[in-house]
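Note on naming: letters A, B, ... go to the chains in the order of the sequence lines (proteins, then strands), and numbering restarts at 1 for each one. Model, not experiment: these values are computed from the prediction.
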Protein chains: 4
Amino acid sequence: MIIQSTIFSKYLSDEGMRSNVGDHALIKNIILFEKSLAKAQSKLGIIPAGVAQEIQEKLEKIAIIPENLVIGTLENGIPVITILEILKTKLSVEAQNYIHHGATSQDAMDTALVMIIRDALKIISEKINVLIQNFESLKKSYGDTPCMARTRGQLALPITFGMKINAWEQPLRRQLTRLSEFFPRLLKVQIGGPVGNFSLNIDNGQELVQQLAAELNLSAGDPWQNQRDNICELGNWLAMLTNITGKMGADIMVMAQNEISEVEEKGTGGGRSSSMPHKNNPVLSEALVALAKFNVNLQLQLLQSMSHQNERDGTALVLEWNTIPQMIVNASAALNHASTIGTNIKVNTEIMKENVARFRNGT
Amino acid sequence: MIIQSTIFSKYLSDEGMRSNVGDHALIKNIILFEKSLAKAQSKLGIIPAGVAQEIQEKLEKIAIIPENLVIGTLENGIPVITILEILKTKLSVEAQNYIHHGATSQDAMDTALVMIIRDALKIISEKINVLIQNFESLKKSYGDTPCMARTRGQLALPITFGMKINAWEQPLRRQLTRLSEFFPRLLKVQIGGPVGNFSLNIDNGQELVQQLAAELNLSAGDPWQNQRDNICELGNWLAMLTNITGKMGADIMVMAQNEISEVEEKGTGGGRSSSMPHKNNPVLSEALVALAKFNVNLQLQLLQSMSHQNERDGTALVLEWNTIPQMIVNASAALNHASTIGTNIKVNTEIMKENVARFRNGT
Amino acid sequence: MIIQSTIFSKYLSDEGMRSNVGDHALIKNIILFEKSLAKAQSKLGIIPAGVAQEIQEKLEKIAIIPENLVIGTLENGIPVITILEILKTKLSVEAQNYIHHGATSQDAMDTALVMIIRDALKIISEKINVLIQNFESLKKSYGDTPCMARTRGQLALPITFGMKINAWEQPLRRQLTRLSEFFPRLLKVQIGGPVGNFSLNIDNGQELVQQLAAELNLSAGDPWQNQRDNICELGNWLAMLTNITGKMGADIMVMAQNEISEVEEKGTGGGRSSSMPHKNNPVLSEALVALAKFNVNLQLQLLQSMSHQNERDGTALVLEWNTIPQMIVNASAALNHASTIGTNIKVNTEIMKENVARFRNGT
Amino acid sequence: MIIQSTIFSKYLSDEGMRSNVGDHALIKNIILFEKSLAKAQSKLGIIPAGVAQEIQEKLEKIAIIPENLVIGTLENGIPVITILEILKTKLSVEAQNYIHHGATSQDAMDTALVMIIRDALKIISEKINVLIQNFESLKKSYGDTPCMARTRGQLALPITFGMKINAWEQPLRRQLTRLSEFFPRLLKVQIGGPVGNFSLNIDNGQELVQQLAAELNLSAGDPWQNQRDNICELGNWLAMLTNITGKMGADIMVMAQNEISEVEEKGTGGGRSSSMPHKNNPVLSEALVALAKFNVNLQLQLLQSMSHQNERDGTALVLEWNTIPQMIVNASAALNHASTIGTNIKVNTEIMKENVARFRNGT
């Protein structure tokens, strides 16, 4: 569904994060799910220990590339079936019968999705802390510098530059609190079979949930394949996060206007023009604004995918699976740029003070 | 900005809730803010006790109608200025000087907004509990009835009707948990003056925040006029809530198809057609689906208003103030309809069982 | 579904247009549809001439208020059934049998919608022409004034103020061209009965379409009840229209910043602050930006309602019927404000020239 | 900003179209712009003929890969500056001075964008015609088969399968009409220099526009760098197009339900399940529904980018450039799937007739 631009891959994306949440991560985590399912089922006596051993050992060595899943995904609307077919070519007949025992494709997809999110948000969370530290440093250097507040587009009254920074930092701190609230809800294993009731030869479903959750270091709980609220909560958190840096970008664009000149995005020089040598464009701030819009619109897509029909709704899942990774990457790119600005911003304290003085003098 | 339809006022709205969050509620809470501000400032010795007494007594008796605020709002983009002008016509000269002391329009608007939200969500929360009880009753009656699961639009395997109800109920229960998490963050007084730093003759700003919060039974905290994350968190909660009932509507529309006939939305007869006497349209379920879409799109609007510029952004605030009340009303209407369905739904248990039997027989 | 704010009714709305597209207009045009249907069917010999005469005469005198349709709309998800019930109470038994002959509710709703749109867009189109004339006058007065262009938030090179105005005017002119293209497609009668094939006692459906279209001065064509592309095309036109004035608002907000001061939104003084007497807020420009966002988001809602299921999709229609009128009102309010600005803007030509001179001097 | 999934590259994308509108196409068309600009300027005597000859010849041989533009795009927010730097390394000093003469980055980007759109829409237009032919064939085979209409989720009255197909086909035909209307408006060269007024050493700007347009087989016109209405009109057309096939998908999903069984998406078997061997999932129809949602949401993004500030707004352009290609690819993928369904759909005429008969018998 998506055009990935290499050209814009550092400006509007984060290549490192992209690989953490892309095709390879999905395949890796689906295979991890299948291995761990076998291990858990073996511990509970659901499948023979030797078979589970074989599945774990052989799956360890199998590398599946995304290209091999294209046709199968076209045919089935989900890649798991083809992944299983490929895995089975390496297994004994007995192991072929026991891999993915009692499970359905979405069990693998959803659990993999949750593990991808867990890994990615650990990084996102570190980036947030880095940015908060940036803000603290900025406040230490320039927090008390008098600076004009602007309301409804017009000069208001003097505040300090520290108050501006605080308006970026405080919501970021609340984001960490929110993360601590929703993360335990979200990091839940998905296992229940085709319709969520362990109907396929699984007698002790609750035990299986517990055991598999333990293997994957996730929490246990009822199947949630058609209850996507936790996903939407994550999405809104990501959209809010990107809006926080979006506001920072919007503020800097105002302060960096030539007529105001209170800051320059980067002391080392900003974006150039192909025709105007004097330009010093705040291009990272622009990216922050644009990334915020991208993520806001993607949250719309996630919310649309929440209201899904019956016990599994392909039209909704497909939307969701292709939205979450993008939102994470957008947020990561935005945090990168925000930290770059935080580290490199040139704060013209003299001009800030002059602007305040000029306001006080009524000129 | 909005066309209110009386025609659709019960089908796609909730008239009762509408009055809780509309113009009159806004005016009432702005006046309450001004009264309480005077009271708090008098207790702290910021304004004379007699003046505060006068303000409280006279404001108690003033009724302002929305019509009187139309021109002032057109001129100033916010109604508070005109409200204050009207209030002052009833006050002594001294009280005129002390009303709204050290405050700005947005202090009044935002604090009023938070109090409106508090009142409305108390009702919403009760409606959620009612709906959960509906679901519990339904499960008691029909929870164990075998019923076909449908995945990706096709018959899957048998589950129970109780599992379907659970997919509506469990997210609703999580909503109550979420509410308990974000509500304390959100219910925070806003007071800080024009640029959030108590610049207008207020020396003891922090004490004022504490005292005013105590008067209004809100929590205290730094001014948040350009930090709208808590508002967006509420919005997403409302959008998710309406999606939960939206999924319920979507599920019922499938089960109520004539070819399936597992349920009828209302045992007393559904929507009629002007030309087809045999029709029994699941019109409340349709409304649930539509209301979900309305609120999803409105959350988009709130997220857009989060990324706002400088110390106050009129383009963002205007968007937000006109979005929140609608989202609350939509959610309330959806909860009403969902409870109506929950109480009146006709569950055709025999057909459910036949559908399962037919599936097992492979016909 | 909607909260209508009286407070914001001139700032973010257009009361006059609101009445042109609201409940009363809907009722009036539905009754007009039923009268004209009777007349057309009488001319074609489908119903007796005397009955048609009675229907036309009696319907002329019946006033239905929206309040009487609330319960019926709740029950049926559409108001037409209740309107017909009320109308029938005034008719002879024979006329009761022949009113709405061969038609279905949506025939009445959609044809009424199209007629409402026709009337409203005639006004919108006049407002566009007024605004274009405003721009032409502005260009006559200030078109050649040198003025700084700003790109990517930074000073670029000098242009003229006329070029800025042109960037608002040229898209507006193209809108008139687009209107002339899509209007004939859109202004099409809807008549086809419950499933669009004249199944209810209508033998000469094509003739009926022609005759009814002639009566209502609409074009004829196949039933389009589940083909909403023409509606979406209108919606995008309205969203684009509001974006054109939105850009005008955004531009003025930049030029009106105190640090730039090239224009003031209104020479007579802008929005005031409850706490900062020096403020001159460009509140109409802010409204233009906000109204653009409202309409953009509403076009999303229309596009969502286009992809609808089967021969009639209540979840989609309900969305659409409640979106179109709002978009029209938003566009109308935006055109009003844009013309107010166009007439009252204070252009500080000396400052424009100084800003250019300062740029040329490199200071 | 975007995660491209290889796994979903045939299911939710169109690889062929992706290469037509991706990075390589952008680079190729930017180079074409620069060559043609030199040629046009040489013909008008603006730059020396020999230099223009050199530019054309050398640019013919230069291959630039997207990877080489990543850092430059990060620095400047636009890739053109880096492309020019690379091109200049191959040119004589004189040609270095004359390449891109009087132009700015956006001139190259926008003209390239328009040419990419032209090429892509030629293919899209052919795919529409193929699909219309598919529909005509289906109508020839099954057009008269009686079939139940369904309104508001319930059985309505009998129509024919041909009427269902018509509801997919007629809007598609109107799309071709619309294309013929907006395409001439859209296919317009962009050349005007940094602020759209040929300020950089170009005296005969209008002639240059004419000549460059002639070289590139585009129409001529004033610079439109901050007037994005034509782009938004295209976007809405793409969103509507994808909604038309989205409705087709939604309709097929209903008719393909096991309880209805009037059609199977593909006679050769549909999507499989990893756990339910009996499943025959209509996965292409699901993709049609999902692709419609993707494009609807992307049109929102385009509309947001229309309201842009000043003479060039980086926050808007970045959004737009990354949206248009995706919308084209989504539309193309949808047309592919719709044609696959049109060719492979299994129409169960006997069941259609039985469903009608059962309805007539009241059972």
Side-chain angles (χ1 to χ4, degrees), chain B residues 1-13 18 21-23 26 66-67 69-71 73-81 84 100 103-105 193-194 200 271-276 281 283 286-287 289-291 293-294 297-298 300-301 304 314-315 318-319 322 325-326 329-330 333, chain C residues 1-13 18 21-23 26 66-67 69-71 73-81 84 100 103-105 193-194 200 271-276 281 283 286-287 289-291 293-294 297-298 300-301 304 314-315 318-319 322 325-326 329-330 333:
Chain B
M1 127 243 180
I2 287 170
I3 302 286
Q4 182 165 303
S5 167
T6 297
I7 294 178
F8 286 94
S9 62
K10 278 195 193 302
Y11 183 52
L12 297 174
S13 186
R18 212 147 75 174
V21 297
D23 281 351
L26 182 61
E67 285 74 7
L69 306 178
V70 176
I71 298 297
T73 304
L74 173 63
E75 288 173 353
N76 304 310
I78 191 165
V80 179
I81 296 164
L84 286 168
H100 194 67
T104 196
S105 299
L200 298 181
R272 289 167 294 142
S273 156
S274 73
S275 55
M276 295 176 282
N281 289 328
V283 294
E286 287 182 321
V289 172
L291 288 164
K293 290 184 185 173
F294 282 133
N297 297 343
L298 288 169
L300 173 75
Q301 209 149 274
Q304 289 170 346
T315 68
V318 149
L319 216 63
N322 283 277
Q326 291 188 68
V329 172
N330 288 343
Chain C
M1 129 243 179
I2 288 169
I3 304 285
Q4 183 167 301
S5 167
T6 296
I7 295 177
F8 287 94
S9 63
K10 279 197 195 298
Y11 183 52
L12 297 173
S13 185
R18 211 148 76 173
V21 298
D23 281 351
L26 181 62
E67 285 73 7
L69 306 178
V70 176
I71 298 298
T73 303
L74 173 63
E75 288 174 354
N76 303 309
I78 191 165
V80 179
I81 295 163
L84 286 168
H100 196 64
T104 196
S105 299
L200 296 180
R272 289 167 295 143
S273 156
S274 72
S275 54
M276 294 176 283
N281 289 327
V283 294
E286 288 182 321
V289 172
L291 288 164
K293 289 185 185 174
F294 282 134
N297 297 344
L298 288 170
L300 173 77
Q301 208 149 276
Q304 288 171 345
T315 66
V318 148
L319 216 63
N322 285 278
Q326 291 188 68
V329 172
N330 289 343

Closest non-hydrogen atom pair, [X] against [Y]:
| X | Y | value |
| --- | --- | --- |
| B:Pro79 | C:Phe8 | CD-CZ, 4.2 Å |
| B:Thr315 | C:Ala290 | O-CB, 4.0 Å |
| C:Phe294 | B:Val318 | CZ-O, 4.3 Å |

For the interface with chain B, which of [options] has the highest count of heavy-atom pairs at distances below 4.5 Å?
| options | result |
| --- | --- |
| C:Ile78, C:Leu200, C:Asn281 | C:Leu200 |
| C:Ser274, C:Gly271, C:Gly77 | C:Ser274 |
| C:Leu300, C:Leu69, C:Val70 | C:Val70 |

Problem set entry | Which portion of C:Leu319 sits near chain B, non-hydrogen atoms under 4.5 angstrom |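 It is both, since atoms from each part get that close.
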
Problem set entry | Which atoms of C:Ile7 approach chain B - backbone, side chain, both or neither, heavy atom under 4.5 Å |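 When you check distances to chain B, atoms from both the backbone and side chain of C:Ile7 fall under 4.5 Å.
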
Exercise. Hey, what do you get for NZ (B:Lys293) to CD (C:Gln301), rounding to the nearest 0.5 Å?
Worked result: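 Atom-to-atom, B:Lys293:NZ and C:Gln301:CD are 9.5 Å apart.
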
Exercise. Could you state the interatomic distance from CD1 (C:Ile81) to OG (B:Ser275), rounded to the nearest 0.5 Å?
Worked result: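 Answer rounded to 0.5 Å: 8.5 Å.
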
Exercise. Under a 4.5 Å heavy-atom cutoff, which of B:Arg272, B:Glu75, B:Glu286 has the most pairs with chain C?
Worked result: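 The option with the most such pairs is B:Arg272.
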
Exercise. Can you tell which of B:Asn297, B:Ile71, B:Val289, B:Leu26 has the highest number of heavy-atom pairs within less than 4.5 Å of chain C?
Worked result: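 The candidate making the most pairs under 4.5 Å is B:Asn297.
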
Exercise. Can you check side chain to side chain contact (heavy atoms under 4.5 Å, CB included) on C:Val283 and B:Asn76, steps first, answer last?
Worked result: CA-CA 6 Å; C:Val283 294; B:Asn76 304 310; 5.6 Å; no

Problem set entry | From CA spacing to verdict: side chain to side chain contact (heavy atoms under 4.5 Å, CB included), B:Thr73, C:Lys10 | CA-CA 8 Å; B:Thr73 304; C:Lys10 279 197 195 298; over 6 Å; no

